[in-house]
Amino acid sequence: SGAWRAVFVKLTARVREWSRRTTRDVIAVYLAARDPRTPGHVRLAALVVAAYALSPIDLIPDFIPVLGYLDDALLVPLGIWLVVRAIPPEVLRESRSKAATVLGAPRGRGAAVAVVALWVLGAVAVGVWLFRAASRS
């Protein structure tokens, strides 16, 4: 029983550390996307990956068994990994340092509200566009 507990504690610590690094890298990817030293195509990919990772809306909803968490467990880390490899090393170093500082700062709900508001605005805009396109037909 003690051996299993030790394995569980060690595994839990590794998962937490991986989660912290992934969170730091999501923020670093966003910061690198805003850096003019990052190539344009990498900036676009970084913005898409960061927006998807930070968005509460998933490609596959979490309530769908197994598949619902697949994007969180595979797609987000894969996207981050690919973008991190394409970011210039000095930009990545600086972005990770800034991200670590951001993670240490107190957090508010403002960013989450802003992301949800942007998704809602986008959905409304698409809905209006579709409605107008359908009424012209």
Side-chain angles (χ1 to χ4, degrees):
S1 173
W4 285 109
R5 179 171 162 65
V7 168
F8 179 75
V9 168
K10 188 174 182 178
L11 180 63
T12 303
R14 290 180 73 181
V15 168
R16 281 190 188 133
E17 180 56 32
W18 175 81
S19 177
R20 280 190 210 102
R21 281 194 320 268
T22 302
T23 303
R24 181 209 55 205
D25 280 351
V26 167
I27 296 168
V29 162
Y30 170 74
L31 294 171
R34 299 181 63 198
D35 193 304
R37 297 173 292 172
T38 303
H41 65 285
V42 177
R43 290 174 83 174
L44 179 63
L47 281 174
V48 168
V49 168
Y52 185 76
L54 295 172
S55 172
I57 300 170
D58 290 339
L59 183 64
I60 304 168
D62 290 341
F63 65 82
I64 297 174
V66 181
L67 293 178
Y69 291 104
L70 190 62
D71 61 344
D72 297 329
L74 294 176
L75 293 179
V76 170
L78 178 63
I80 293 168
W81 179 77
L82 289 171
V83 170
V84 161
R85 293 179 53 90
I87 295 172
E90 66 277 358
V91 174
L92 182 60
R93 261 192 313 279
E94 291 173 21
S95 298
R96 280 180 169 164
S97 175
K98 289 176 188 174
T101 302
V102 167
L103 286 173
R107 296 182 207 142
R109 294 186 184 176
V113 170
V115 169
V116 170
L118 285 173
W119 277 105
V120 168
L121 248 77
V124 168
V126 168
V128 167
W129 179 75
L130 288 172
F131 179 75
R132 286 183 179 168
S135 64
R136 282 185 240 152
S137 299

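A quick note: this is a predicted structure, and the numbers were derived from the prediction, not measured.
- Within the 4.5 Å cutoff, side-chain heavy atoms of Leu92 are placed close to those of Arg96.
- Atom-to-atom distance recorded for Ile80:CD1 and Leu75:CG is 11.0 Å, nearest 0.5 angstrom.
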Let me see the working for Arg20 and Glu17 under salt bridge (Lys or Arg N to Asp or Glu O under 4.0 Å), right down to the final yes or no. CA-CA 5 Å; Arg20 280 190 210 102; Glu17 180 56 32; 3.4 Å; yes

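- Scanning both residues, Arg43 and Ala32, for their nearest heavy atoms gives CG-O, 4.5 Å.
- Of the possible donor and acceptor atoms, none in the side chain of Thr38 sits under 3.5 Å from a partner among the backbone N and O of Arg34.
- Here CD1 of Ile27 is found 11.0 Å from OG of Ser95. Values are rounded to the nearest 0.5 Å.
- In the hydrophobic clustering of ILVMFWY residues, with side-chain heavy atoms under 4.5 Å counting as a link, Tyr30 and Leu103 come out together.
- Looking at heavy atoms from C-beta onward, Asp35 lies out of side-chain contact with Leu31 at the 4.5 angstrom threshold.
- Of the inter-residue distances, the one linking Arg14 atom CZ with Thr12 atom OG1 reads 11.5 Å to the nearest 0.5 angstrom.
- Placement of Val116 and Val124 within a single hydrophobic cluster is found when ILVMFWY residues are connected by side-chain heavy-atom separations under 4.5 Å, directly or transitively.
- Val26 and Ala50 make their closest contact through O-CB, 4.1 Å (heavy atoms, listed as atom of the first residue, atom of the second, distance).
- For the pair Ser19 (side chain) and Val15 (backbone), a donor-acceptor distance under 3.5 Å is absent.
- By the rule that hydrophobic residues join a cluster once side-chain heavy atoms approach within less than 4.5 Å of another member, Leu130 and Leu121 end up as members of separate clusters.
- The shortest non-hydrogen separation linking Ala100 to Arg24 is N-CG, 4.2 Å.
- Judged by distance alone, with hydrogens and angles left aside, the side-chain atoms of Ser135 form a donor-acceptor pair with the main-chain N or O of Phe131 at under 3.5 Å.
- Residues Val29 and Ala46 approach most closely at CG1-O, 3.4 Å, considering heavy atoms.
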